[in-house]
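One structure is given below, encoded as structure tokens.
The sequence lines fix the lettering, A, B, ..., with proteins before strands; numbering per chain opens at 1. Both backbone and side-chain heavy atoms feed into the values below; hydrogens, waters and symmetry mates do not.
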Number of protein chains: 2
Amino acid sequence: MPSTELPQQMSARRIDRPVPLRERVYQAMQELIISRQLAPGQHLVESELAEMLGVSRQPIREALQLLNSEGWVDLRPGYGAFVHAPTEAEVDQLLVVRAALEAESARLAALNTDAEGVARLRKLCAQGEAAVASDDIDGMVAANAELHRCVTELSGNQVLLDMVSQVDRRVRWYYTPIARHRGHQSWQEHARLIDAIEAGDADAASRTMREHTERTRQSYLEQRRENPEPEVAPVQVRSRRRRTAPGV
Amino acid sequence: MPSTELPQQMSARRIDRPVPLRERVYQAMQELIISRQLAPGQHLVESELAEMLGVSRQPIREALQLLNSEGWVDLRPGYGAFVHAPTEAEVDQLLVVRAALEAESARLAALNTDAEGVARLRKLCAQGEAAVASDDIDGMVAANAELHRCVTELSGNQVLLDMVSQVDRRVRWYYTPIARHRGHQSWQEHARLIDAIEAGDADAASRTMREHTERTRQSYLEQRRENPEPEVAPVQVRSRRRRTAPGV
DNA sequence: ACCTCGACTTCTGCATACAGAATACTGTAT
DNA sequence: ATACAGTATTCTGTATGCAGAAGTCGAGGT
């Protein structure tokens, strides 16, 4: 029974409001997908998920709706849900969109420039360079994500932030190989980007960000070409198929 | 491998598959919101909607999830759903994002330029100009929407198309006054945009689109300043409050 | 051996039911 | 009159049940 009392220690929420189950299911499933425990293409059976997560089908369904609207799973109306399997073309398109949105973020951030924000950026940049120096891939990825997010926050455009975050989650899978591929250069570009933002030079900031994300995209394409399908578990069969009980 | 892969059976896509109830509810509610029959800020009670539309609460809930993820309603976890009431700042931000995405669309469309697509654009442009000539506001809005959509389609980027469509639906409310405000000039700009796309001049196309959407945004801001709240029904009370049932 | 037809299984879609949470109301005290 | 507390009520969140549709498997015909 899911009536398990959990110590409501999440602070991001309003005072003591229980996080809806659907949201926890959403989070859990997103992580299962990112970690490949739910493989791309896999058929998701509601009752199995319900059992696996210890809840009823209802919150599962609602979470699936959400995951669908963000491109994590595909819903075939009469049939079921499938973990979305992004093609190379699709990831490429996502990176193009991301490039456009982030270039706009940088432009607006430069127009909104503010000393405190620039300081945050510098700090993150330093963290990233440190990660490069110690060859810490995960650290690079993390600092990179935070830095980009910070730029978008500094744009002051909440809609933009939501959108970039959404796109970003969908391509997060692909950052690790990219970071491995061009870690050092990437952080030089970040430094120049911050210079432009600090100077309030909107065009330069936009252009620098665009070139930066464009190189990231190129890097992805090269990586993928060298390593076409990065350990994609091949559709890991849905469920043990109970043979029809032979009556005899 | 003696490929016994099912040949035609693969397209077993029933043409008359029954549209899921949740989707019809989604459509219906979106139209109710656009037509202001459900007013911004209004509290949506699931059971009332269910009764109004003649279905159970389940498809209502699923539709609400969808409407929430697209910004049509706000979901307050413990409490309920409310028709989203966009602020001026939010609409402005949406228009900024739209400008960035559409500029990218135009850029890509110019790179992908193709005679057949340009012909479609020209035709839509002619329709729009005809609508301007006959002072047909709705015609202008429709032709405008189709033209912009067409440009994004020509970009060849499906992700971009999805994203632009989503943003576009959220600002559709505001197109009519804008069209009324600057109908004629708008179509001159469209013509120049198409020229740039036809010429394959990506920078010009991008710049033209950006200036165009930027003027649209300015037009919105002016309009809104003249007419701060375009007939927003003020939160039309939720439900007749049944006095405590007087028993027998 | 291949294809077709038919029944079975399983799953989704939808409806209903129940418990807890949040709100709004009412009465009382200051 | 205002503020506060207690109570009542409504609504959401979640679980469960049921019917129909989609897919699958197997048998029989060609």
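Looking only at atom types and distance, the side chain of B/Glu62 has a donor-acceptor partner in the side chain of B/Gln58 under 3.5 Å away. When only modelled atom types and interatomic distance are considered, A/Gln158 and A/Asp162 share a side-chain donor-acceptor pair under 3.5 Å. Counted by atom type alone, A/Arg224 and A/Tyr220 present one or more donor-acceptor pairs between their side chains at under 3.5 Å.
When each of A/Gly80 and B/Pro59 is assigned the nucleotide of DNA chain C bearing its nearest heavy atom, the one mapping closer to the 5' terminus is A/Gly80. When the nearest nucleotides of DNA chain D are assigned to B/Ser47 and B/Gln58 by heavy-atom distance, the more 5′-ward of the two goes with B/Ser47.
At whole-Å resolution of the value, CD in B/Gln65 and C1' in D/dT14 are 13 Å apart. A/Phe82 has its CZ atom 12 Å from the P atom of C/dC11, to the nearest Å. Going from atom CD of B/Glu51 over to atom C1' of C/dA15 covers 15 Å, rounded to whole Å. What separates CZ of B/Arg61 from C1' of C/dA15 is a distance of 14 Å, to the nearest Å. Summarising the geometry, the separation between CD on B/Glu62 and C1' on C/dC14 is reported as 9 Å, rounded to the nearest angstrom. Going from atom CG of A/Leu21 over to atom C1' of D/dT16 covers 15 Å, rounded to whole Å. Between B/Tyr79 atom OH and C/dA22 atom P there is a gap of 12 Å when expressed in whole angstrom units.
The shortest distance between side-chain heavy atoms of B/Val167 and A/Met163 falls below 4.5 Å.
Contacts of B/Glu46 with the nucleic acid, taken as non-hydrogen atoms under 4.0 Å apart, involve only primed sugar atoms and P, OP1 or OP2. Contacts of B/Leu44 with the nucleic acid, taken as non-hydrogen atoms under 4.0 Å apart, involve only primed sugar atoms and P, OP1 or OP2. Among the atoms of the strands shown, none is found under 4.0 Å from any heavy atom of B/Ile60. As judged by a 4.0 angstrom heavy-atom cut-off over every strand, B/Arg22 is placed among residues touching the sugar-phosphate backbone only.
Checked by distance alone, A/Arg57 brings a side-chain donor or acceptor within 3.5 Å of a matching partner on the base of C/dG13.
Under the rule for a side chain to side chain contact (heavy atoms under 4.5 Å, CB included), the partners of A/Arg172 that lie at least two apart in sequence or sit in another chain are A/Arg169.
Nearest nucleotide to the side chain of B/Arg76, out of C/dT23, D/dA15, C/dA15: C/dT23. Comparing D/dT12, C/dC11, D/dT14 by their nearest atom to the side chain of B/His43 picks out D/dT12.
Using a 4.0 Å cutoff on non-hydrogen atoms, no part of residues 67-74 of chain A comes near DNA chain D.
With respect to A/Glu104 and A/Arg107, a salt bridge is recorded, a charged nitrogen being found less than 4.0 Å from a carboxylate O.
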Exercise for review: Report the C-alpha separation of A/Glu70 and A/Arg170 in whole Å, then their side-chain angles, then the decisive distance to 0.1 Å, and conclude whether the salt bridge (charged side-chain N to carboxylate O under 4.0 Å, His left out) test is met.
Suggested key: CA-CA 8 Å; A/Glu70 294 191 1; A/Arg170 288 173 67 179; over 6 Å; no
